Trainee: 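This is the structure I want to talk about, given as structure tokens.
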Amino acid sequence: MIITETERLIIRNWRETDRDLAYEINSDEAVMEFFPFRRNRAEADAFFARVQSMIAETGLGLYVLELKESGEAIGYCGLMRTDHLEPFVPVGTIEIGWRLVARHWGKGLVSEAARALLAYGFGKLGLNQIVSFAVHNNVRSTTVMARIGMHRVEGGDFDHPNVPDTHPHLKRHVLYHLSVAEWQAQQTEQAGS
């Protein structure tokens, strides 16, 4: 199932051939620098099955990013519910998140995918707001958040409840936000440029 497309990417549900991608991303030290865990092959396979099923059932989840030019699956970007983060984020809020294989960093692919998914979320799904969050010093992710038009929520920093006490340096997260009205204003401004 294709969710949407960009100039360089097909954004779609997972296929059986994407199992290696799930393992590569979730076990890579550089990609997972700001996460307290690495997944072994069995855990990556369980992750693969969970996200594939979630997308099929709800339409929401972490979608595969496939390069149009080569057909290579290079990462994922998606829209997911954040109910597990109450009271930091209201129940029903949708988060945008991403991970990309390191060999494709620095090419603007995550920003391209995230912009397309903002349009999908606000346009097709009719969402009122989308949030994103990351470890406070994860500059790669917060730079993307700012680049796609999101803004940091004043007073919105929080200690992520799923980060174990064994990783205190990964607990503090910053919260970014974009409302549909802000997104529409940005689209109007870009169209007028």
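Quick note: residue numbers are just sequence positions, from 1. None of these values were measured; they are calculated from a predicted model. In what follows, every heavy atom counts, from backbone to side chain, and hydrogens, waters and symmetry copies are set aside.
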Trainee: Please find the pair of heavy atoms, one from E66 and one from G71, that lie closest to each other, and give the distance.
Mentor: CG-O, 3.5 Å
Trainee: Any chain of hydrophobic side-chain contacts (each under 4.5 Å) joining L127 to L117?
Mentor: yes
Trainee: Is any side-chain heavy atom of H104 less than 4.5 Å from a side-chain heavy atom of L65?
Mentor: no
Trainee: Is any side-chain heavy atom of L175 closer than 4.5 Å to a side-chain heavy atom of V131?
Mentor: yes
Trainee: Donor-acceptor check, side chain of T93 to backbone of P90, threshold 3.5 angstrom: yes or no?
Mentor: yes
Trainee: Do F88 and D159 touch side chain to side chain, with heavy atoms closer than 4.5 Å?
Mentor: no
Trainee: Could you state the interatomic distance from CD1 (I130) to CE (M150), rounded to the nearest 0.5 Å?
Mentor: 6.5 Å
Trainee: Is a side-chain N or O of H173 found less than 3.5 angstrom from the main chain of K171, in a donor-acceptor match?
Mentor: yes
Trainee: Could R115 and E112 be called an ion pair, given the rule that one side-chain N must be under 4.0 Å from one carboxylate O?
Mentor: no
Trainee: How are the rings of F133 and F158 set relative to one another: parallel (under 30°), tilted (30 to 60°) or perpendicular (over 60°)?
Mentor: perpendicular
Trainee: For residues T82 and I94, determine if any side-chain heavy atom of one lies less than 4.5 Å from a side-chain heavy atom of the other.
Mentor: no
Trainee: At their closest point, which heavy atom of A114 faces which heavy atom of I148, and how far apart are they?
Mentor: CB-CD1, 3.8 Å
Trainee: Measure the spacing between CG of L9 and OG1 of T4 and express it to the nearest 0.5 Å.
Mentor: 10.0 Å
Trainee: Treat each ILVMFWY residue as a node, draw an edge where side-chain heavy atoms are under 4.5 Å apart, and state whether F37 and V135 are in one component.
Mentor: no
Trainee: Among Q52, R12, R15, exactly one meets side chain to side chain contact (heavy atoms under 4.5 Å, CB included) together with V64. Which residue is that?
Mentor: R12
Trainee: Is any side-chain heavy atom of L109 closer than 4.5 Å to a side-chain heavy atom of T6?
Mentor: no
Trainee: Would L67 end up clustered with W105 when hydrophobic side chains under 4.5 Å apart are linked, directly or stepwise?
Mentor: yes
Trainee: May I ask you to test the H160-L85 pair for a side-chain heavy-atom distance under 4.5 Å?
Mentor: yes
Trainee: Can you tell which of I96, L118, I3 makes a side chain to side chain contact (heavy atoms under 4.5 Å, CB included) with L79?
Mentor: I96
Trainee: Take atom CG of D165 as the centre, draw a 6.0 Å sphere, and report whether it contains more than 12 heavy atoms from other residues, nucleotides or ligands.
Mentor: no
Trainee: Ring of F34, cation from R140 - is the NZ or CZ under 6.0 Å from the centre and inside 45° of the axis?
Mentor: no
Trainee: If the plane angle is over 60° it's perpendicular, under 30° parallel, otherwise tilted; pick one for W14 and F47.
Mentor: perpendicular
Trainee: Is there a path of hydrophobic side-chain contacts, each under 4.5 Å between heavy atoms of I/L/V/M/F/W/Y residues, joining L21 to Y23?
Mentor: no
Trainee: Please examine the side chains of Q184 and Q187, heavy atoms only from C-beta on, and report whether any two atoms are closer than 4.5 Å.
Mentor: no
Trainee: Y120 vs Y63 aromatic rings, parallel, tilted or perpendicular, using cut-offs 30° and 60°?
Mentor: perpendicular
Trainee: Look at R152 together with D157 and state whether they make a salt bridge at an N to O cut-off of under 4.0 Å.
Mentor: yes
Trainee: In Å, rounded to the nearest 0.5 Å, how long is the span from CZ of R41 to CG of N26?
Mentor: 11.0 Å
Trainee: If you look at every heavy atom in A119 and W183, which pair is closest and at what distance?
Mentor: CA-CZ2, 3.4 Å
Trainee: Out of R103, R19, R39, which one pairs with E24 under the salt bridge (Lys or Arg N to Asp or Glu O under 4.0 Å) rule?
Mentor: R103
Trainee: Find the distance between CG (D45) and CG (D20) and round it off to the nearest 0.5 Å.
Mentor: 9.0 Å
Trainee: What I'd like to find out is whether the side chain of L62 reaches to under 4.5 Å of the side chain of M54, using heavy atoms alone.
Mentor: no
Trainee: To the nearest 0.5 Å, how far apart are CZ in R99 and OG in S141?
Mentor: 9.5 Å
Trainee: Is it true that E5 and K68 make a salt bridge, defined as a side-chain N closer than 4.0 Å to a carboxylate O?
Mentor: yes
Trainee: Starting at CD1 of I74, measure out to NZ of K107 and round the result to the nearest 0.5 Å.
Mentor: 7.5 Å
Trainee: Tell me the closest heavy-atom pair linking A134 and T142, and the distance in Å.
Mentor: CB-CG2, 4.5 Å
Trainee: So, E29 and R38, do they make that salt bridge, N to O below 4.0 Å?
Mentor: yes
Trainee: Grouping I, L, V, M, F, W and Y whenever their side-chain heavy atoms are under 4.5 Å apart, do Y76 and I2 come out in a common cluster?
Mentor: no
